[in-house]
Amino acid sequence: MDTAPQNPAHDTARPPEDNTKGRVALSGSQFFRLAHRVSDAVNDVRIQLAKRWKFVPQTIAYQGYGSTTRVRVLGRVLLTQKPLPGSKAEHEAKNGNQNIRGWRAFTGVPLQYSDVEITIGDVVTHVTADRGGLIDTEVDVQLSPGWHTAVLRAEGTEPAEALIQVIAPGVEFGIVSDIDDTVMVTALPRPFLALWNTFVLSERARMATPGMAVLLDRLTIEHPEAPVIYLSTGPWNAAPTLARFLTRNMYPKGALLLTDWGLTQDRWFRSGQDHKHRNLERLAQEFPDMRWLLIGDNGQHDETIYSAFAAENPDKVAAIAIRQLSVSESVFAGGHSEDGDHTASRVPWIYSPDGAGIARQLAMLDLLRG
């Protein structure tokens, strides 16, 4: 087997060997460094408790994407509670039929800085998860266009398989979509939205936005080689739940690009806007000939983020489609329900409250057949 070099992504850090625990050297105020030490100590206590409660290490693999020479691989290493053999929970887990309360997604404990082996074909890569147990790395590998499988395995875990979509060099159209209020209805005040959706609501109670699954399905049928990327500020803890939601509501397969809450190496909280903008810029660099359809909502920041990206990269944006929230939804979400003024934009903007309205306007731009 070949051994590929590690190409860590922005969010993945291999800690320098500067102390016995392998922690990352931090910059910033003394209080910030203290907060990191407290956070790590709390995680160590959670690990000890999880082991006492018979939690087992698990590697979770998420769908990735890439070119014919380099792919992005995503995954996470956690201590999780395994369903009892023969139980209803085990049967549901095997068949993907779970109906889990959101808080259960946060019972897993990150295994920080775990060594992870990634196998794609005959190429083997060794990487190190970050302080949140996340693997977000690039692997240099020669692959044909289409779907491939990456196998991820941390020490003491069963191997986990993830689909990798390899995009052909000549593909010039791709789709980036937000999740909350775009493909999934939330319509709750933002200060309570994250708490409700991630800790209280059962996953089967979440509703798909009218017409959006049909819209994305039509787009992938008419552009069969186009990648679909779901770019959200939601936490990685919710990734399995979101993946099941997308599958259950017949959304097309696509990579989830989420973020983590809490401390980073240089700031108190991750910026959701920065996360989205950084990933859009990354996609533009990874696929320089691609023109993206950017789909979001006018609940809060999608218009601002997409507008800034389009202003910097007008040749890389086919159109911007904004799901227009109702007056009541927009009041709850802290946004607005009016169309924006984009008369000076070089990129077409679309506003509609549902997928059917967006589809009609995309047909006028020849991005969909009427």
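What's counted below: heavy atoms across the whole structure, side chains too, no hydrogens, waters or symmetry copies. All residue numbers refer to positions in the sequence shown, counting from 1.
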- Item | Arg153 bridged to Glu117 by N-O distance under 4.0 Å | no
- Which side-chain hydrogen bond (donor to acceptor under 3.5 Å, both in side chains) pairs, counting each pair once, include a residue from residues 156-171, with sequence neighbours left out? Thr59-Thr157
- Query: With a 4.5 Å heavy-atom cut-off, do Leu283 and Trp292 have their side chains touching?
  - Reply: yes
- Note on the structure: Which of Leu280, Ile305, Leu231 passes side chain to side chain contact (heavy atoms under 4.5 Å, CB included) with His275? Answer is Leu231
- Query: Would a 4.5 Å heavy-atom cut-off, applied to side chains only, mark Val71 and Val141 as touching?
  - Reply: yes
- Parallel, tilted or perpendicular: rings of Tyr62 and Trp236 (30°, 60°): parallel
- Task: Evaluate side-chain contact (heavy atoms from CB on, under 4.5 Å) for Val317 paired with Leu294, printing each intermediate quantity in order.
- Result: CA-CA 7 Å; Val317 181; Leu294 307 179; 4.2 Å; yes
- Message: Testing the basics here: between Tyr65 and Ala255, what is the closest heavy-atom pair and its distance to 0.1 Å?
- Response: CD2-CB, 4.0 Å
- Query: Is the CD atom of Glu281 crowded by more than 12 outside heavy atoms at less than 6.0 Å?
  - Reply: yes
- Message: Taking the basic N atoms (NZ, or NE/NH1/NH2) and the acidic carboxylate oxygens, is any pair closer than 4.0 Å for Asp178 and Arg323?
- Response: no
- Query: How many angstroms lie between atom CG of Leu134 and atom CD of Gln112, to the nearest 0.5 angstrom?
  - Reply: 12.0 Å
- Side chain proximity check, Leu368 to Leu219, heavy atoms < 4.5 angstrom: yes
- Message: Give me the atom names and distance for the closest heavy-atom approach of Ala61 to Ala162.
- Response: CB-CB, 3.4 Å
- Task: I would like to know whether Ile350 and Met364 meet side-chain contact (heavy atoms from CB on, under 4.5 Å); could you show each step before the answer?
- Result: CA-CA 11 Å; Ile350 293 170; Met364 296 172 64; over 6 Å; no
- Task: Give, for atom CG of Asp217 and atom CG of Asn249, the distance between the pair rounded to the nearest 0.5 Å.
- Result: 12.5 Å
- Query: Would Phe173 and Val347 show up in the same hydrophobic cluster when neighbours are defined by side-chain heavy atoms closer than 4.5 Å?
  - Reply: yes
- Item | Intermediate values then yes/no, side-chain contact (heavy atoms from CB on, under 4.5 Å), Asp180 and Thr233 | CA-CA 9 Å; Asp180 283 328; Thr233 57; 5.6 Å; no
- Message: Is there a continuous path of hydrophobic side-chain contacts, each under 4.5 Å between heavy atoms, that joins Leu365 to Ile322?
- Response: yes
- Query: Looking only at heavy atoms, which two atoms of Pro348 and Ala318 are closest? And how far apart?
  - Reply: CD-O, 3.5 Å
- Message: Main chain of Pro353, side chain of Gln324: is a donor-acceptor contact present, judged purely on distance under 3.5 Å?
- Response: no
- Query: Are Val123 and Val73 co-members of a hydrophobic cluster defined by side-chain heavy atoms under 4.5 Å apart?
  - Reply: yes
- Hey, what do you get for OG (Ser177) to CD1 (Ile229), rounding to the nearest 0.5 Å? 11.0 Å
- Considering only heavy atoms from C-beta outward, does the side chain of Leu79 approach that of Leu111 to under 4.5 Å? yes
- The reported gap from CG in Asn279 to CZ in Phe309 (rounded to nearest 0.5 angstrom) is 11.0 Å
- Task: Show your reasoning for whether side-chain contact (heavy atoms from CB on, under 4.5 Å) applies to Leu215 and Asp354.
- Result: CA-CA 9 Å; Leu215 168 66; Asp354 54 39; over 6 Å; no
- Message: Less than 4.5 Å apart, side chain to side chain, heavy atoms only: is that true for Tyr251 and Thr220?
- Response: no
- Query: Is Asp136 paired with Arg72 through a side-chain N to carboxylate O contact shorter than 4.0 Å?
  - Reply: yes
- Query: So, do Leu143 and Ile120 sit near enough that their side-chain heavy atoms are less than 4.5 Å apart?
  - Reply: yes
- Query: Do Thr182 and Thr209 touch side chain to side chain, with heavy atoms closer than 4.5 Å?
  - Reply: no
- Quick one: pull up OH in Tyr113 and OG1 in Thr128 and give me the separation to the nearest 0.5 Å. 10.5 Å
- Query: Hey, are Asp289 and Lys316 close enough for a salt bridge, meaning a charged N less than 4.0 Å from a carboxylate O?
  - Reply: no
- Heavy atoms, side chains only, cut-off 4.5 Å: are Leu246 and Leu256 in contact? yes
- List the atom of Gly108, the atom of Leu78, and the distance in Å for their closest heavy-atom pair. C-CD2, 4.5 Å
- Task: Measure the acute angle between the ring planes of Tyr351 and Trp349, then classify it against the limits of 30° and 60° as parallel, tilted or perpendicular.
- Result: parallel
- Message: Restricting to salt bridge (charged side-chain N to carboxylate O under 4.0 Å, His left out), what partner residues turn up for Glu286, sequence neighbours left out?
- Response: Arg282
- Does any N or O in the side chain of His223 come within less than 3.5 Å of the main-chain N or O of Leu367, such that one atom is a donor and the other an acceptor? yes
- Where is the tightest heavy-atom contact between Arg70 and Asp140, given as atom of each residue plus distance? NE-OD1, 2.6 Å
- Hydrophobic cluster membership, Val124 vs Val151, 4.5 Å side-chain cutoff: no
- Message: Determine whether a donor-acceptor pair (N or O, by modelled atom type, separation under 3.5 Å) exists between the side chain of Asp181 and the backbone of Val185.
- Response: no
- Non-hydrogen atoms of Ala321 and Ile358 that approach each other most closely: CB-CG2, 3.8 Å
- Would a hydrophobic clustering, with Ile, Leu, Val, Met, Phe, Trp and Tyr connected at side-chain separations under 4.5 Å, put Leu293 with Val214? no
- Message: Between Arg218 and Ala213 (side chain of the first, backbone of the second, donor and acceptor by atom type, cut-off under 3.5 Å), is there such a pair?
- Response: no
- Message: Within this structure, what is the CD-CD1 distance for the pair Glu172 and Ile167, rounded to the nearest 0.5 Å?
- Response: 13.5 Å
